[in-house]
Amino acid sequence: MSALSHGGIRRHVRSYIGVFAALAVLTLVTVAVSNLRLAFFFAIAAALLIAVVKASLVAGFFMHLAFERVIIFVLLFFTFLFFLALLILPALS
Amino acid sequence: MQEKYYGWGLPVDVSVHGWQVDQLIVVVHVFMAVLFIGWFSFLIYALIRFRQKPAHQADARARHFKLPTYVEAGVALFEVVLLCAFSFPIFSQARNEFPREDKALKVRVVAEQFAWNVHYPGKDGLFGRMDPKLIKAVNPLGLDPADPAGRDDVTTVNQLRVPVHTPVIVELASKDVIHSFAIPVMRVKQDVIPGQTVRSWFEAKQTGNFQIVCAQLCGLGHYRMRGFFTVQDKDEFRTWFDAETAKKTGQKQP
Amino acid sequence: MSTAVIPYISESHPVTGVTNSKLGTWCFLASEVMLFGGLFSAYVLLRTGTLEWPHGKELLNVPLATVNTLVLITSSVTMVMSWASLVMKSLSRYRFFMGLTILLGLAFLVVKAFEYGHKFQHHLFPSTGTFYAVYFTLTGLHGLHVLGGILVNLYFLVPGSRLWRTNPEQFTGRIECAGLYWHFVDLVWIFLFPVLYLL
Amino acid sequence: MNSELGSTLKRPKRPDKSNHKMESLMGGRRENEKLPFWRRYIFSQDHKVIGIQYGITGLCFLLFGFTLMMLMRWQLAYPGKPLPLIGQFFPETAMISGIMLPEFYNQLGAMHGTIMVFLGVVPLAVGGFGNYFLPLQVGAPDMAFPKLNMVSYWFYFVGGVVMIASFFVPGGAAQSGWTSYPPLADIAPTGQTLWLVGMAFLINSSLLGSLNFIVTTVQLRTEGMSFFRLPFFVWAQFVTAFLLLLAFPPLMAAAVLQLMDRLAHTSFFMPSGLVVAGKVLEASGGGNPLLWQHLFWFLAHPEVYVLILPAMGIVAEIITCNTRKPIYGYKALVYSALFIGFMSFLVWAHHMYLTGMGTKMSAFFQITTMIISIPSVIVLTTMVLTLWGGSIRFNTPMLFAIAFLPMFGIGGLTGLPLGLAAADIHLHDTYYVIGHFHYVVAPGTIFALFAGIYHWFPKITGRRMSETLGKIHFWSSLAFINGIFMPMFLQGLAGVSRRLFDPTQYAHALSTQPLNVFISICAWLLGLAQIPFILNFFGSLFWGRRTGQNPWEATTLEWAAPSPPPHGNFPKPVRVYRGPYEYSAPGRKKDFWPQNALEAD
């Protein structure tokens, strides 16, 4: 990553500003959605969806996951799998 | 009198449905013995035959063995049988298939640090209301005197008496820490988590005096938290129960 | 400090394509995902366990938290800008953006401290109820992670940057890893904010 | 201590192709000698010195945990009788004129479990052997992050000191089992808080260590060392590192929650309306004790695979080396280890069948538990088939490694009835469980660690341990260890529950009391049987026969470095040409072909 050409990094910087704007807007959106008094299930689904979109923006552009090598994805795939198991199974039993 | 109940292996089976648990334990242990003896004798044979001898060199050509893969497949298959034919039905019977309420004796057992409070609903079949704030030495369950349903309830400490050949539904609760209500001879064990009530059930097929065990570490008195589990004939149990109710209701009418 | 020469510290491994420190940082972030996974699992189990669970909106100050979220997002941007300016070989712009990141992080902590102080005044402590216990524990542990991130960034702002003169490549890699950690801390807050404040 | 640089360093002839420069490698070594004593041996960053530090501290804690058990066995064999000789030296809070108190027995039980698992076996297996031999077997000069490696040892050391200190606080050490189930753990005396703080240090130490192992294995493999040319020991440590990395943090979260419960009076694990000793507890309530059990067992089951995987790695190395034959089914072994690592995250609730869990959930966890038993069967079978067609040498490490196979077999098989929920109804929390996991850990992992010590002692010190003392230690330990744990299965079937301070209170336990006496005698004799090992271990440091670089004629890379390897491990960078276990290759004079040997010789 650090061996980027001068032009390449310029493009990256422009994308950071775009991502920042998107994140700010999404934050305001999620607060607005929560004020809509949706049914309980939809409120959770909406909030989590927006949070996931924001998270993937941060991870994809700021943490350069979009340009990362496969070994990092293998590591994150298994971590995410066990994260889900830990999140869901206790509540089911 | 105690000896014939207990020994170095499985204790006597006093429960009508206990044979299923014993059968599964025996089947699994036979399966384990067969596997271990076969596998261990192969190990010993290989050690003796291929020990280091002068002018003998190991041959690196790995002969591909067919048998082990079959054995592994067989083990996997038998485990499926163990699960579906034995463990799932027995466990669901113990956890889900409760006897019919009207035919069964309902009892509540409240565990506390180092004693079992047994609470019978009495003739009206209703348990009196309990309130933690009312708990005192003389009223360990915190029974609310104002509640009419509780007036005829019989309460004992560490004494669980049940009639023989009658299904018993036990409602378990704990006042302080995690205990575990276990009767080895009945093949019954159920963790009692404070903050939740959980139900278990069993049916005795033989009279006698047995013991209730606390199977989960619950503090420094865990080892002496022994309860007495007495199975009596139906009429013997009724006379005992009537005497207790009379004693309890007798006190109520001055 | 003499260490035997360890390869791939600043140039990436020919096969895996990553440097040691980046793979190490991602492993550390994986363990942090599991740490917050444990805490979120506690939140899910406790919330599904009880019937009455207060809505975050009534008890917590949502507008202030929204501002706080924007503060943290801005600090994420300035962090990645500080790394980008190192790639563009200008130490001064790096120092500017890194300083900004640290200030924004401190601002986030000040807002949190204000929120906590406000609650303590109203005698709302972790021991008042499970909702407050979850709120204080999760945001508290997240706050400690933010504090840790600030200390690391402070080190890289002044003493750490001497490495720029001797080995700029390695220093850029270090800032990238500090940036990964900081973005992760922001990512956790992105999930914490709706879960605690909005649902 | 013993890493003086006897070998003269010839300047290498061929120019260095690989990207690390030769001069700085030489420079690194000369610079290392100039370091002051405390920087070279106490706060050292050399993975070998750290490995030895972990190993020695781990062995000391194993001995300490063992003595705790020997005290417990006295109370179980002769309940209520004063402990002869040393009984009067204990404070009033533990023993009154030699007669043990129940709370002290619970402290011994809880700390025996904690010390043996978290302070003894894991640091020895992962911290000691992993730190020392993973870089060597991978062909790396050192771990990827030396400073982090040093910090991980000192976190472990502080955690150990905190654990020992917890014995001396008022109320004694943690006394709610090594599992520390709340609400009992929440209302326990201050020792429990120290246990949580100690655990926090141990968790972070293992985390930093596993990070190092993963990056070293992935990034620092030398030229030619592809993933499938790695020795199985490296694979086992690699999978173990992932288990530590991903399973420990949830326990860290649970420890934070329990610390909040104990110090900030929150009630994550305290349900409402608790009445303790007659008084209503004023905690805010609403908590769920099962939350701790889920988070704890989410760690604790991968933790037991952390205990067994390095042992499998060590046993695989020693068996192939001493049968002079390539391992049977290397790929099957590696895939089994990976599959065990993956499945170990999905089986944890088989410890919780009786907590009121529904039949659907217990069915799921029974299925995953049965699935995870298959790779263990495959691992054992491949190791036994490795013996077929070999030329087996019965030296001490090989004896321990061979004994590991049937012992781990019994441990694994006795897991079957416990994994079936129906049989678990009767066997849960009885001595059957104690027999099951001790067979896996004591004659299993600890025998494998002994095998590792005997096998690699020449590489670490340049001297051999005595074979006669080794064989005395082996045969006596094997006999007594089976004498301890085999009768426990009978007690378990009889329904004797675990953690009983005085088993004679129960009729069904009273009938097995003769077994308790027999077990206790075997336990004390096992303690005596360790004396030959201790003498052998420290004696051979000075009087053991000197050995060269490769006394066992093994093929893996650590035998390509001098004994003991200098700082930076390999005088000349090694290059790997073939798989790890090329023994008795047809048409060659010597019956072993080291990984780094050129085609010709």
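First the proteins, then the strands, lettered A, B, ... as listed; each starts at 1.
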Practice problem: Answer with side chain, backbone, both or neither: which region of D:Pro182 has an atom nearer than 4.5 Å to a non-hydrogen atom of chain B? | Solution: backbone
Quiz item: Highest number of heavy-atom pairs under 4.5 Å with chain B: which of D:Met352, D:Glu582, D:Gln491, D:Met357?
Solution: D:Met357
Practice problem: Check whether any side-chain N or O of B:Gln211 sits under 3.5 Å from a backbone N or O of D:Ala507 as a donor-acceptor pair, and report yes or no. | Solution: yes
Exercise. Would you give the length of the straight line joining atom CE of B:Met186 to atom NE2 of D:His426, rounded to the nearest 0.5 angstrom?
Key: 13.0 Å
Quiz item: What residue among D:Thr430, D:Leu427, D:Asp424 forms side-chain contact (heavy atoms from CB on, under 4.5 Å) with B:Lys189?
Solution: D:Thr430
Quiz item: Once you round to the nearest 0.5 Å, how far does CG of B:Asp176 lie from CE of D:Met270?
Solution: 10.0 Å
Exercise. Would you please indicate if the ring centroids of B:Phe65 and D:Tyr328 are separated by under 6.0 Å?
Key: yes
Quiz prompt | Structural part of D:Gln293 lying under 4.5 Å from a heavy atom of chain B | solution = side chain
Self-check item: D:Pro326, part contacting chain B, at a heavy-atom distance under 4.5 Å
Solution: side chain
Exercise. Check each atom of B:Gln93 against the heavy atoms of chain D and say whether the ones under 4.5 Å are side chain, backbone, both or neither.
Key: neither
Quiz prompt | Atom group of B:Phe210 that falls short of 4.5 Å from chain D, counting heavy atoms | solution = neither
Self-check item: Contact origin within B:Ile212 toward chain D - heavy atom pairs under 4.5 Å
Solution: backbone
Quiz item: What part of D:Asp591 is in contact with chain B, defined as an atom under 4.5 angstrom from a non-hydrogen atom: side chain, backbone, both or neither?
Solution: both
Quiz item: Where on D:Leu101 is there a heavy atom nearer than 4.5 Å to chain B: the side chain, the backbone, both, or neither?
Solution: neither
Quiz item: Is it the side chain or the backbone of D:Val275 that comes within 4.5 Å of chain B heavy atoms, both, or neither?
Solution: both
Quiz item: Among D:Thr359, D:Asn322, D:Ile187, D:Asn288, which residue forms the greatest number of heavy-atom pairs with chain B at distances under 4.5 Å?
Solution: D:Thr359
Self-check item: chain D contact via B:Phe31 - side chain, backbone, both or neither, heavy atoms under 4.5 Å
Solution: side chain
Quiz item: Relative to chain B, which segment of D:Leu184 carries a heavy atom at a distance below 4.5 Å: side chain, backbone, both, or neither?
Solution: both
Quiz item: To the nearest 0.5 Å, how far apart are NE2 in B:His222 and CG in D:Asp502?
Solution: 11.5 Å
Quiz item: Is it true that a side-chain atom of B:Gln190 and a backbone atom of D:Leu354 form a donor plus acceptor pair closer than 3.5 Å?
Solution: yes
Quiz item: Between D:Leu290 and B:Ile193, is any pair of side-chain heavy atoms under 4.5 Å apart?
Solution: yes
Quiz prompt | Polar side chain donor-acceptor pair, D:Asp429 to B:Ser180, under 3.5 angstrom | solution = no
Quiz prompt | D:Leu420 and its side-chain contact (heavy atoms from CB on, under 4.5 Å) partner, picked from B:Leu82, B:Val21, B:Ile90 | solution = B:Leu82
Quiz item: Where on B:Arg49 is there a heavy atom nearer than 4.5 Å to chain D: the side chain, the backbone, both, or neither?
Solution: side chain
Self-check item: B:Ile178, part contacting chain D, at a heavy-atom distance under 4.5 Å
Solution: both
Quiz item: Among D:Gly495, D:Ser497, D:Ala494, which has the most heavy-atom pairs under 4.5 Å with chain B?
Solution: D:Ala494
Self-check item: Contacting moiety of B:Ile135, where chain D heavy atoms sit under 4.5 Å
Solution: both
Self-check item: Option that, when pairs with chain B are counted at under 4.5 Å, heavy atom only, ranks first among D:Leu500, D:Thr355, D:Val276
Solution: D:Thr355
Quiz prompt | Euclidean distance, D:Gln107 CD relative to B:Leu220 CG, rounded to 0.5 Å | solution = 10.5 Å
Exercise. Describe, in one word, how the ring planes of B:His29 and D:Tyr432 are oriented to each other, choosing from parallel (under 30°), tilted (30 to 60°) and perpendicular (over 60°).
Key: perpendicular
Quiz item: With no hydrogens and no angle check, is any side-chain donor or acceptor of B:Trp8 less than 3.5 Å from a backbone partner on D:Leu493?
Solution: no
Quiz item: Between atom SG of B:Cys218 and atom OH of D:Tyr181, what is the distance when rounded to the nearest 0.5 Å?
Solution: 14.0 Å
Practice problem: Side chain from CB out, backbone as N, CA, C, O: work out which of these in B:Ala94 comes under 4.5 Å of a heavy atom of chain D, or both, or neither. | Solution: side chain
Exercise. Find the one option among D:Phe501, D:Tyr353, D:Trp388, D:Phe104 whose heavy-atom pairs under 4.5 Å with chain B are most numerous.
Key: D:Trp388
Practice problem: Identify which part of B:Leu172 has an atom lying under 4.5 Å from any heavy atom of chain D, answering side chain, backbone, both or neither. | Solution: neither
Quiz item: From D:Leu387 CG over to B:Ile48 CD1, what is the distance, rounded to the nearest 0.5 angstrom?
Solution: 12.0 Å
Quiz prompt | Check: D:Gly356 main-chain N/O paired with B:Arg95 side-chain donor or acceptor under 3.5 Å | solution = yes
Exercise. Can you tell which part of D:Gln175 gets under 4.5 Å to a heavy atom of chain B, answering side chain, backbone, both or neither?
Key: backbone
Quiz item: Does any non-hydrogen side-chain atom of D:Leu405 lie less than 4.5 Å from one of B:Trp39?
Solution: yes
Quiz item: With respect to chain B, which residue among D:Thr386, D:Thr414, D:Thr323, D:Leu416 yields the maximal number of heavy-atom pairs within a distance under 4.5 Å?
Solution: D:Leu416
Quiz item: Considering only heavy atoms, which portion of B:Val28 lies under 4.5 Å from any heavy atom of chain D: side chain, backbone, both, or neither?
Solution: side chain
Practice problem: Tell me, for D:Ser373 versus chain B, whether the close heavy atoms (under 4.5 Å) come from the side chain, the backbone, both or neither. | Solution: side chain
